[in-house]
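We use all heavy atoms of the structure for the numbers below, so side chains are in, but hydrogens, waters and symmetry mates are not.
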Amino acid sequence: MLFIPFRADIGLLRIPFLTILICIACLVIYYGQHSNEKKVVTASEKFCQTKGPVMWRMVLQRTNGESSTKSCLEMMWEIHISDDTAAEISKYSDKGTPIAGMTKASDKKLKYGVIEARYKSFTRSVPQYDTKELWYQPASWDVWAMITSSFSHGSWDHVIGNLFFFF
């Protein structure tokens, strides 16, 4: 048997409307995902290219080892796509060496406050990431997310491959 079928010996007696509608739904949903992702990435890059307050740059340097656009994007995206933003911010505020003259607890509190304030600014300037709303978390029992995740895809190659196999 071939991976890609050469022909089908099935005589269709009617047009597969449901299959065609599901294919169209997958294409429309992925197009929306793709255009939203481009907007989010562009806005995120624009946000991180602005230097921000001095305290933010210092905290970014201490937690990520560098104060660059790339490290800002990594931190903001990890916080943005996490289910528990407070825990993710706490994870970052634990990283790095304490600021000179500060205790570990006060250093963490300062870092947490700076990262949280910067993340709030990030969420005001960057649109909501729609793909996050579509994916399914296996630990939950969310029937709607199970259905929407069936229609979401990761790339055009993924969509085309699935639709070719499905059709």
Drop me the distance from [X]'s [atom1] to [Y]'s [atom2], to the nearest 0.5 angstrom.
X: T63; Y: I89; atom1: OG1; atom2: CD1; answer: 11.5 Å
X: L110; Y: I115; atom1: CG; atom2: CD1; answer: 9.5 Å
X: T50; Y: E45; atom1: OG1; atom2: CD; answer: 12.5 Å
X: E37; Y: H34; atom1: CD; atom2: NE2; answer: 7.5 Å
X: C48; Y: L73; atom1: SG; atom2: CG; answer: 4.0 Å
X: D84; Y: I79; atom1: CG; atom2: CD1; answer: 11.5 Å

S125 side-chain N/O to S121 backbone N/O, donor-acceptor pair under 3.5 Å: yes
Sidechain-backbone polar pair: N64 side chain, E74 backbone, donor-acceptor under 3.5 Å: no
For atom [atom1] of [X], decide whether the heavy atoms of other residues, nucleotides or ligands shown that lie under 6.0 angstrom number more than 12.
X: K91; atom1: NZ; answer: yes
X: K51; atom1: NZ; answer: no
X: K120; atom1: NZ; answer: no

Check against side-chain contact (heavy atoms from CB on, under 4.5 Å), T123 and Q128: CA-CA 8 Å; T123 57; Q128 181 63 32; over 6 Å; no
State, to 0.1 Å, how close [X] and [Y] come at their nearest heavy-atom pair, and which atoms those are.
X: P127; Y: A43; result: CD-CB, 3.8 Å
X: K111; Y: S93; result: CD-O, 3.5 Å
X: R57; Y: G52; result: NH1-O, 2.7 Å

For a 4.5 angstrom cut-off between non-hydrogen side-chain atoms, does [X] reach [Y]?
X: W77; Y: V41; value: yes
X: W56; Y: S67; value: no
X: R118; Y: P53; value: yes
X: M75; Y: Y92; value: yes
X: I81; Y: E88; value: no

Any chain of hydrophobic side-chain contacts (each under 4.5 Å) joining [X] to [Y]?
X: I160; Y: I22; value: no
X: I29; Y: L18; value: yes
X: Y112; Y: V54; value: no

Flag for S90-K108: side-chain donor and acceptor within less than 3.5 Å: yes
Any donor-acceptor N or O pair under 3.5 Å, side chains S106, T103: yes
Verdict with supporting geometry, C72 and L60, side-chain contact (heavy atoms from CB on, under 4.5 Å): CA-CA 7 Å; C72 171; L60 189 59; 3.9 Å; yes
